[in-house]
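Beneath this line is the structure, given in structure tokens, with notes to follow.
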Amino acid sequence: MRIRGDGGGDEEEAAMAVVSAPPQHLVFAYYITGHGFGHATRALEVVRHLIAAGHDVHVVTGAPEFVFTTEISSPNLHIRKVLLDCGAVQADALTVDRLASLEKYHQTAVMPRESILRTEVEWLNTIKADLVVSDVVPVACRAAADAGIRSVCVTNFSWDFIYAEYVVVAGHHHRSIVWQIAEDYSHCEFLLRLPGYCPMPAFRDVIDVPLVVRRLHKSRSEVRKELGIKDDVKVVIFNFGGQPAGWKLKKEWLPDGWLCLVCGASETQELPPNFIKLAKDAYTPDLMAASDCMLGKIGYGTVSEALAYKLPFVFVRRDYFNEEPFLRNMLEHYQCGVEMVRRDLLTGHWKPYLQRAMTLHPCYDGPINGGEVAAHILQDTAVGKKYISGKLSGARRLRDAIVLGYQLQRAPGRDVGIPDWYSVSEKEIGVRPAPTYHEVNGSAESSFEDFEILHGDIQGLTDTMAFLTSLSGLVGNDPRSPEKQSRERVAASVFFDWEEEIYVARAPGRLDVMGGIADYSGSLVLQMPIREACHVAIQRSNPMKQKLWKHTQARQLANGGAVPLLQIVSFGSELSNRAPTFDMDLSDFMDGDKPISYDKAKEYFSQDPSQKWAAYVAGTILVLMTELGVVFTDSMSILVSSSVPEGKGVSSSASVEVASMSAIAAAYGLNIPPRDLAILCQKVENRIVGAPCGVMDQMTSACGEANKLLAMICQPAEVKELVSIPTHIRFWGLDSGIRHSVGGTDYGSVRVGTYMGRKMIKCAASDLLSESLPSCPPIQSGNTNSDEYEEHGVDLLKSEASLEYLCNLPPHRYEAVYARDIPEIITGDAFLEKYGDHNDAVTTVDPKRSYCVKAPTRHPIYENFRVEAFKALLTAAKTVEQLSALGELMYQCHYSYNACGLGSDGTDRLVNMVQEVQHRKTSQDVGPSLFGAKITGGGSGGSVCVIGKNCLKSSEEIFEIQKRYKAATGYLPIVFEGSSPGAGNIS
């Protein structure tokens with residue numbers, strides 16, 4: 001057995017020795033998480049081997065006792081029904097409720113933590129446990145340490161990694177949960193890591209073990225004989241817990257002659273004759289081995305047993321189950337998985353998926369005795385054997401779990417696994433010769449001999465040339481080739497007709513230099529379009545001639561024939577664990593003879609969160625239908641490829657929206673000015689996606705120019721000018737590794753607080769106005785200046801009583817008249833009772849929530865002033881004082897974000913590093929090259945913008961900060977440098 005102490009690298013080989021009883025009798029305390037059935041079934045195998053070796057095992061679980069007692073009949077098995085964590089709370093059978101998961105964990109494990117620890121330490125001492133085993137209950141490791149007992153974890157994922165993603169949506173006030181979990185795990189001696197594992201940064205040392213699977217009791221023929229099923233009948237086992245209420249399975253959902261074994265069906269559920277209801281306590285492994293394929297949800301239990309028994313697995317993606325991508329990639333690597341679109345599961349379009357499953361050749365040939373191997377290691381550890389050498393121990397010390405967790409979740413090199421069977425259906429295409437490539441000045445360029453550029457110019461943009469090269473490479477791609485191909489390229493290669501026109505649009509991301517979240521309060525903002533961009537290729541086609549994926553065609557045939565259809569492929573989507581393809585009938589956007597409402601569209605895309613990303617692309621179609629009355633009668637095939645990284649605060653979503661709408665507009669001959677197009681794209685994000693962002697992102701992506709700052713007054717979207725960046729100044733973006741989301745609760749709650757503050761100011765101004773307008777005429781004082789002042793004061797109050805944008809209120813007026821009356825915090829119900837509504841169309845006030853008001857109100861008022869000053873300073877003399885003043889304005893903005901609750905540890909660390917470099921003394925004493933930094937965009941992670949001299953020294957210092965950040969956190973930041981034109985400046 002090879003042992004590694006750093007938890008990385010290739011999968012290890014593990015021992016396969018039979019568990020034999022050591023000289024002494026041992027007592028194990030085995031804690032099992034409350035997340036799902038699979039943890040209990042895999043723990044069962046380890047427990048079974050420990051008991052067979054003569055030891056006592058006390059199982060701490062919330063799972064039903066029969067899971068263990070049906071397999072183990074021994075007085076050495078002790079079951080204690082206690083739940084010490086909650087796992088992931090499900091909104092439905094396929095979706096995790098991320099906020100509810102964190103809140104439930106807080107109630108279950110955080111609030112009673114001290115009591116839990118006292119109870120568990122006392123219990124462990126009472127049973128005289130020799131070793132604590134956890135799968136993978138965090139507090140068990142800490143309790144073991146407090147009791148002076150060694151502990152080991154057995155798992156393929158850890159809760160710090162899973163919950164770190166949930167914090168983005170639920171709010172960073174929950175991040176202490178992640179830190180506490182990671183700290184608990186750090187008390188564990190080592191991790192027995194199962195195949196299909198996630199990154200688990202909290203564990204110091206790792207031993208890999210084989211698959212843990214339950215043993216078979218009966219042969220395939222025995223099971224079929226008991227069920228009365230002939231050997232030549234095709235059987236699918238439907239292993240899907242938590243079926244939607246009222247869901248009726250139908251006979252026609254199966255291919256002719258097939259039977260379906262249904263697990264977990266309710267006693268009252270009626271099934272058609274080709275569906276067989278299984279008993280609640282039916283032994284699933286035997287039934288799986290007797291079937292020809294399985295249909296269900298991915299979990300460790302289903303995946304491990306499908307691999308072990310070489311059973312093709314048709315699976316439906318689950319949303320926010322963050323361990324799923326790693327299990328899915330393992331399934332597909334061993335040719336054992338076919339992904340089914342959720343809509344097809346629920347509507348019964350099962351046939352093409354089941355038929356595809358029959359063509360697979362599962363090839364997993366690794367060991368499946370992980371239960372035996374794990375038991376052997378646990379037994380040796382309990383008697384004092386050291387499996388981890390001293391010199392390696394501690395190589396994976398606890399680090400910043402959030403920063404590292406995000407970095408590892410999106411680690412380069414992860415298999416971008418998608419369904420690999422997207423091949424053209426009966427509508428065959430002629431395979432044309434693959435394009436040729438030539439070396440030009442040392443770099444590969446396509447000759448583009450497969451394409452004729454009919455209109456437009458790539459303007460020397462190397463990324464556009466690379467995209468066209470990639471597109472050209474799809475021309476000769478044969479999806480039936482036996483060679484392993486990029487599966488998302490297979491999906492894209494078969495839905496374009498290469499003899500017809502394809503329209504390509506490009507839109508960049510943006511770096512928020514100044515302005516940020518003050519945009520929705522009407523501030524002046526300064527934005528720079530970055531080098532990274534999104535490309536979208538679109539082709540219109542007659543519905544009768546459109547090339548369809550097999551499952552799409554099957555659904556169309558079932559629904560009565562060809563109708564206008566939208567098919568989308570998004571390259572790289574798996575990096576964020578979402579479905580890489582999307583398709584829909586365009587008629588779904590119609591309600592009679594009118595487009596559906598934005599609320600209905602939002603609900604439509606929210607039904608399947610793994611495909612919610614498609615709202616950014618398909619939503620542009622609905623907005624064009626609704627706002628401009630465009631009628632779409634053709635089908636569309638759309639390919640999206642973006643180099644703008646997601647969650648970095650550089651407007652990846654805006655670039656997708658702008659590129660998508662620009663490509664559609666070009667394909668349909670719509671002449672939409674860039675400003676209007678940006679406002680339409682904002683409607684996509686606000687009304688269909690449901691993210692309450694301002695308009696600056698879309699405006700920069702549509703209207704920006706390379707190497708210039710877009711100066712825009714967001715009232716609602718007026719471009720003031722394009723400000724050239726002085727040649728002695730340079731801007732960089734540095735990514736913190738902490739995922740940012742304008743859909744997160746931090747961003748939304750700050751916006752709510754801002755609008756609450758505006759409403760309070762308007763109400764206060766109205767009250768003051770009423771007091772300054774008495775019913776009787778004023779006494780003549782004879783002081784003309786005083787009268788004019790009073791008249792001017794009344795005019796001010798009138799304008800402030802009807803204040804539309806907070807940024808129109810000068811800082812001195814805010815401080816003189818209103819600041820003292822704005823509360824720091826107010827509850828939603830208190831605000832609603834006193835003020836009614838906050839008058840924001842894209843957010844709602846939660847009566848049960850407390851909102852910060854003072855800091856979010858103050859921020860845009862002062863930020864507008866800072867941006868005005870920043871813009872004026874850009875044209876000042878080229879001096880160190882100029883750069884210092886610009887940098888100071890950026891620092892002030894950064895700390896104002898923090899006051900609003902939109903900061904993060906990672907962005908603070910980067911800003912502090914810039915300050916350290918700026919103020920350090922050097923022997924040459926040539927002065928600083930970097931002068932300021934600030935968090936960008938919506939905050940709560942993402943990137944920081946840095947200002948400095950345009951010189952070699954400043955670039956060296958940026959890369960120094962990049963390396964220092966990696967040394968401190970384990971994450972190497974992306975550096976954004978360079979600029980490129982907006983979509984409206986490319987023709």
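Keep in mind the model is a prediction, meaning the values are calculated, not measured. Worth knowing before you read on, the calculation uses all heavy atoms, side chains too, and leaves out hydrogens, waters and symmetry mates.
Residues satisfying the ring pair (Phe, Tyr, Trp, His ring centres under 6.0 Å) criterion with W123, sequence neighbours excluded, are H58. The ring pair (Phe, Tyr, Trp, His ring centres under 6.0 Å) search around Y300 returns none, not counting sequence neighbours. Every residue two or more places apart in sequence or in another chain was checked for a salt bridge (Lys or Arg N to Asp or Glu O under 4.0 Å) with D286, and none qualifies.
With F240 as the aromatic partner, K297 meets the cation-pi criteria of under 6.0 angstrom to the ring centre and within 45 degrees of the ring axis. In this structure, R328 is not positioned above the aromatic face of F321 in the sense of NZ or CZ being under 6.0 Å from the six-membered ring centre and within 45° of the axis.
The number of heavy-atom neighbours closer than 6.0 Å to NZ of K104, taken from other residues, nucleotides and ligands shown, is 12 or below. Surrounding NZ of K218 are at most 12 heavy atoms belonging to other residues, nucleotides or ligands under 6.0 Å away.
L131 is not listed as a side-chain neighbour of L26, based on a closest heavy-atom distance of 4.5 Å or more. Residues T70 and D281 have side chains not in contact (no heavy-atom distance under 4.5 Å, counting atoms from C-beta outward). Two residues are said to be in side-chain contact when any heavy atoms from C-beta on lie closer than 4.5 Å; Y283 and R214 meet this criterion. Using a 4.5 Å heavy-atom threshold, the side chains of M358 and C293 count as touching. Between V206 and Y197, every side-chain heavy-atom pair lies at or beyond the 4.5 Å cut-off. Counting heavy atoms from C-beta outward, L249 and Q269 have side chains that approach closer than 4.5 Å. Counting only heavy atoms from C-beta outward, the side chains of L327 and T302 never approach each other to under 4.5 Å. Between V154 and Y30, the closest side-chain pair of non-hydrogen atoms falls below 4.5 Å.
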What do the steps show when you test D380 against H376 for side-chain contact (heavy atoms from CB on, under 4.5 Å), and what is the final call? CA-CA 6 Å; D380 286 352; H376 179 81; 3.3 Å; yes
Does the side-chain contact (heavy atoms from CB on, under 4.5 Å) test come out yes or no for R343 and H349, once each step is laid out? CA-CA 8 Å; R343 183 170 66 250; H349 294 291; over 6 Å; no
In sequence, state the C-alpha distance, the side-chain angles, and the governing distance for H39 and Y31, and then conclude on ring-ring contact (aromatic ring centres under 6.0 Å, His included). CA-CA 10 Å; H39 292 266; Y31 289 81; over 10 Å; no
Applying side-chain contact (heavy atoms from CB on, under 4.5 Å) to V46 and L192, what does each step give before you reach the verdict? CA-CA 12 Å; V46 182; L192 293 181; over 6 Å; no
Could you walk me through whether Y163 and L102 pass the side-chain contact (heavy atoms from CB on, under 4.5 Å) test, one step at a time? CA-CA 7 Å; Y163 285 162; L102 293 172; 3.9 Å; yes
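Using cut-offs of 30° and 60° on the angle between ring planes, the pair W253 and W350 is tilted. In this pair, F315 and F313 present their aromatic rings perpendicular. The plane angle is above 60°, beyond the 30 to 60° band.
With V262 as the partner, the side-chain contact (heavy atoms from CB on, under 4.5 Å) test is satisfied by one option alone out of L271, L295, I237: L271. Test T155, D208, V209 against L194 for side-chain contact (heavy atoms from CB on, under 4.5 Å) and you get one pass: V209.
Here CD of E324 is found 10.0 Å from CG of N329. Values are rounded to the nearest 0.5 Å. Between D184 atom CG and C141 atom SG the span is 7.0 Å, to the nearest 0.5 Å. Put simply, SG on C336 and NE2 on H361 are 12.5 Å apart, with the number rounded to the nearest 0.5 Å. Atom NE2 of H333 is separated from atom CG of L331 by 11.5 Å, given to the nearest 0.5 angstrom. Taking CD of E372 as the reference point, atom NE2 of H49 lies at 5.0 Å (rounded to 0.5 Å). The CE atom of M288 sits 11.5 Å away from the CG atom of L261 when rounded to the nearest 0.5 Å.
A donor-acceptor contact shorter than 3.5 Å links the side chain of R150 to the backbone of T381. With N322 contributing its side chain and I162 its backbone, the two residues share a donor-acceptor pair below 3.5 Å. Remark: side-chain polar atoms of R318 are paired, donor with acceptor, to backbone N or O of I298 under 3.5 angstrom. Under a 3.5 Å cut-off, the side chain of Y185 and the backbone N or O of V137 do not form any donor-acceptor pair.
Applying the salt bridge (Lys or Arg N to Asp or Glu O under 4.0 Å) test to pairs two or more places apart or on separate chains, those with a residue in residues 34-49 are R42-D135, E45-R48. Pairs of residues two or more places apart, or lying in two chains, that qualify as salt bridge (Lys or Arg N to Asp or Glu O under 4.0 Å) and include a residue from residues 79-88 are R80-E120. Pairs engaging residues 58-67 under the salt bridge (Lys or Arg N to Asp or Glu O under 4.0 Å) rule: none recorded [sequence neighbours left out].
Considering every non-hydrogen atom in both P285 and R215, the closest pair reads CB-O, 4.2 Å. Taking every heavy atom of both residues into account, A43 and I32 meet most closely at CB-CD1, 3.5 Å. Here the closest non-hydrogen pair linking Y166 and A88 is OH-CB, 4.0 Å. Between H35 and G87, the shortest heavy-atom distance links the atoms CB-CA, 3.6 Å. In this structure, V212 and G370 approach most closely via the heavy-atom pair CG2-C, 3.5 Å. The two residues M294 and A306 have their closest heavy-atom pair at CE-CB, 3.9 Å.
With salt bridges taken as basic N to acidic carboxylate O contacts below 4.0 Å, one links D292 and R224.
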